[in-house]
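Written below as structure tokens is the structure these notes are about.
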Amino acid sequence: MPKRLSESEPRTDMPLLSSHIWRISRRERRVIGLLVIIAVLYAVQSIGFLQKAQPTIVQVSLVSKEGIKPEGEAERPVAEVDRQVEADHWTLPRNSLNYPYPTTTARENLKNGTYYVTGFALAGFTNQFIAYMHLIYLGIQSERIPVIPPVTPSSHVSNKAGALRFSRVFNISATSKILRRPVLEWAHVKEYQENASVSIIPQGTDPSVEQFGCWSVRQRNFPTPIWVPIAENVLKVDLSFTRVPPIAFFDETNQGDVHTKFSALASLIMPKYPHPASKGLPLMAKSRLGSSLPPGEHMACFDFLYYVSSGLRRHEFENRWSPAWNSVGTHIRFTDELVMLARGYILRAMGLEGEIIPPIISLHIRRGDFRNHCKKGMTPPCYIPLQRYHDSIENVRTELLATQNINATRVLVASDERDPEFWKEVSGYGWHYINHTVERTLERYGEWYPVLIDTTALSIGSGFVGTKSSTFSVLTARRVEDWNGGLTDMVDYFAKD
């Protein structure tokens with residue numbers, strides 16, 4: 001039976017190798033120790049590197065017209081616009097397309113077995129935003145990837161301004177990450193010149209011109225679709241149209257109804273299993289180059305997605321409960337670069353030094369075509385007196401102080417009014433405004449930027465007062481409420497005094 005050793009007795013049955021270790025010279029032990037230290041340091045460095053290499057999103061958006069940088073920004077070449085180093089897979093356009101770059105035609109970049117939807121927009125910047133918000137929401141309902149066209153010049157911006165990429169204004173990578181769904185732009189899918197003339201009609205001999213069959217949501221008492229010639233020119237697409245069936249309209253019996261329903265539109269383009277009403281419909285209009293394609297399955301297409309709702313109410317986006325806003329719109333935020341630019345404008349408008357903006361109440365006074373919104377018996381111009389805006393501001397200020405302990409003593413105004421007498425009256429109330437003439441915004445950044453800076457600046461308010469029935473005011477109110485936890489109010493011309 002083997003003898004049990006006490007802890008103090010030396011062992012004599014250890015392997016021979018262990019006894020040799022202690023016969024190594026002092027110099028050799030030092031070498032071994034040094035090698036161990038080097039190995040440990042290398043392991044620590046490797047772990048640190050791996051920790052630093054976690055996926056991140058790096059988005060660079062060009063703010064200026066020709067490489068002009070916003071205040072405090074490092075110079076960035078145009079090629080770095082919208083560069084992403086790494087991100088969640090659905091935020092990377094390359095994961096939703098055949099190639100990691102735009103191709104000559106859109107079709108060669110669309111993946112087989114993946115389905116897409118696009119839709120176009122008209123009118124001012126705000127209304128185009130609403131149409132593209134609806135496009136993303138329709139993509140969710142129809143299980144398709146939305147492809148957002150550029151914003152195109154309209155009433156407030158001349159054709160010389162060119163087309164504007166949606167991602168130059170909004171961080172759609174962040175939107176995609178929140179929605180956990182891909183959101184693409186046409187610039188991801190197809191090559192086109194963003195600064196090219198929007199008035200040149202593409203020719204059929206151009207190999208980049210391609211035909212698509214689209215749906216038209218035009219009211220049924222109009223024989224033609226809602227043509228989108230500027231978008232066709234910029235993207236070099238040639239669109240033919242088929243009218244959506246009656247089930248798509250808010251009121252199926254009203255031939256003049258311009259409003260449609262998300263659920264019905266989604267059913268018409270549901271991949272593989274579309275609603276039977278989508279089949280066998282007559283062509284509404286040939287394309288400009290004469291093509292007669294029915295609505296496509298791979299890339300569904302609509303002429304105008306502004307007047308769409310869940311079916312509960314027309315102009316639904318104006319309501320606080322709007323599904324499209326609360327599901328999508330609230331997650332479409334301005335780029336960091338545009339916010340930085342707007343903050344600089346606010347500081348200068350208020351004569352403030354440093355980088356801290358005190359709590360402000362932002363104010364949007366819609367004038368322009370609202371001059372004709374008159375009460376019975378009144379003749380234009382029928383504008384809301386500034387005193388009523390002042391009263392509303394005081395109510396918001398009082399409530400902010402009482403409920404959130406925020407003392408918002410400064411007011412920032414934006415308006416489409418150009419009359420110098422109006423702005424003198426604004427100043428008389430002690431309110432501030434961004435003077436784009438003094439700032440030389442047009443010369444420094446281009447035609448799009450006065451409205452972009454105003455829109456972004458007003459969204460920074462702790463409170464907001466707007467003009468009822470103005471889509472600009474509606475969206476600004478939602479942003480202040482959702483993004484800042486702010487309080488808002490709308491001044492109504494038709495409200496009883």
Looking at R313, I want to see if its CZ is surrounded by more than 12 non-hydrogen atoms of other residues, nucleotides or ligands under 6.0 Å.
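Open.
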
Could you check whether atom NZ of K111 has more than 12 heavy atoms from other residues, nucleotides or ligands sitting under 6.0 Å from it?
yes

Interatomic spacing from CD in Q193 to CG in L235 - rounded to 0.5 Å:
12.5 Å

Ignoring hydrogens and geometry beyond distance, is a side-chain donor-acceptor pair present between [X] and [Y] at under 3.5 Å?
X: N171; Y: T335; answer: no
X: S167; Y: E185; answer: yes
X: N435; Y: W423; answer: no
X: R478; Y: N326; answer: no
X: N233; Y: R288; answer: yes
X: T467; Y: Y389; answer: yes
X: S208; Y: E191; answer: no
X: T175; Y: H331; answer: no
X: T441; Y: Y345; answer: yes

Test of understanding: with side-chain hydrogen bond (donor to acceptor under 3.5 Å, both in side chains), list the residues that count as partners of [X], not counting sequence neighbours.
X: W186; answer: T118
X: S216; answer: D303
X: R366; answer: D369

Full working for side-chain hydrogen bond (donor to acceptor under 3.5 Å, both in side chains) between E316 and S322
CA-CA 6 Å; E316 192 171 86; S322 162; 5.0 Å; no

A side-chain contact here means heavy atoms from C-beta on lying under 4.5 Å apart; do [X] and [Y] qualify?
X: R94; Y: Y99; answer: no
X: I460; Y: R343; answer: yes
X: I172; Y: T91; answer: no
X: L135; Y: F302; answer: no
X: D238; Y: E210; answer: no
X: F120; Y: L239; answer: yes
X: P102; Y: H188; answer: no
X: F464; Y: L458; answer: yes

Taking the six-membered ring for Trp and the single ring otherwise, decide whether the centroids of H134 and F262 are under 6.0 Å apart.
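Yes, close enough.
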
Could you check, using the six-membered ring where one of them is a Trp, whether H156 and F125 have ring centers closer than 6.0 angstrom?
no

Classify the ring geometry of F166 against F170: parallel below 30°, tilted from 30° to 60°, perpendicular beyond 60°.
tilted

Ring geometry between F317 and H315 (parallel below 30°, tilted from 30 to 60°, perpendicular above 60°):
perpendicular

If you compare all heavy atoms of [X] against all heavy atoms of [Y], which two are closest, and at what distance to 0.1 Å?
X: R243; Y: L281; value: O-CD1, 3.7 Å
X: S154; Y: A123; value: OG-O, 2.6 Å
X: Q141; Y: M270; value: O-CE, 3.6 Å

Taking [X] for the side chain and [Y] for the main chain, is one N or O donor matched with an acceptor at less than 3.5 Å?
X: S267; Y: A264; answer: yes
X: Q203; Y: T205; answer: no
X: W325; Y: M133; answer: no
X: N484; Y: S459; answer: yes
X: S278; Y: P274; answer: no
X: N319; Y: W321; answer: no

Would you please test D206 and K236 for side chain to side chain contact (heavy atoms under 4.5 Å, CB included) and show each step?
CA-CA 9 Å; D206 187 334; K236 294 188 177 182; 2.8 Å; yes

Worked verdict on R314 versus D257 for salt bridge (charged side-chain N to carboxylate O under 4.0 Å, His left out)
CA-CA 10 Å; R314 295 178 176 87; D257 194 358; 3.2 Å; yes

Six-ring centre of Y383, R367 cation under 6.0 angstrom, axis tolerance 45°
yes

Could you please spell out the steps behind the salt bridge (charged side-chain N to carboxylate O under 4.0 Å, His left out) verdict for R165 and E194?
CA-CA 8 Å; R165 277 189 66 172; E194 190 174 358; 5.2 Å; no

How far apart are the C-alpha atoms of E108 and K190, what are their side-chain angles, what is the distance that settles it, and do they pass the salt bridge (charged side-chain N to carboxylate O under 4.0 Å, His left out) test?
CA-CA 9 Å; E108 63 188 293; K190 180 176 180 174; over 6 Å; no

With side chain to side chain contact (heavy atoms under 4.5 Å, CB included) as the test, would you mind laying out the steps for R479 and T455 before giving the verdict?
CA-CA 10 Å; R479 288 165 179 150; T455 303; 3.4 Å; yes

For V308 and Y137, run side chain to side chain contact (heavy atoms under 4.5 Å, CB included): C-alpha distance rounded to whole Å, both residues' side-chain angles, the deciding distance at 0.1 Å, then the answer.
CA-CA 10 Å; V308 195; Y137 187 68; over 6 Å; no

Begin with the C-alpha distance, continue with both residues' side-chain angles, and end with the deciding distance and a verdict on side-chain hydrogen bond (donor to acceptor under 3.5 Å, both in side chains) for E447 and S158.
CA-CA 8 Å; E447 283 189 61; S158 75; 2.5 Å; yes

Check V217, I247, L305 against T260 for a side-chain contact (heavy atoms from CB on, under 4.5 Å) and give me the one that passes.
V217

Criterion side chain to side chain contact (heavy atoms under 4.5 Å, CB included) on F241 and W215, from CA distance to verdict
CA-CA 5 Å; F241 292 95; W215 292 102; over 6 Å; no

Under the salt bridge (charged side-chain N to carboxylate O under 4.0 Å, His left out) rule, what do R181 and E143 come out as? Steps first, then yes or no, please.
CA-CA 10 Å; R181 288 173 174 273; E143 292 298 326; 3.5 Å; yes

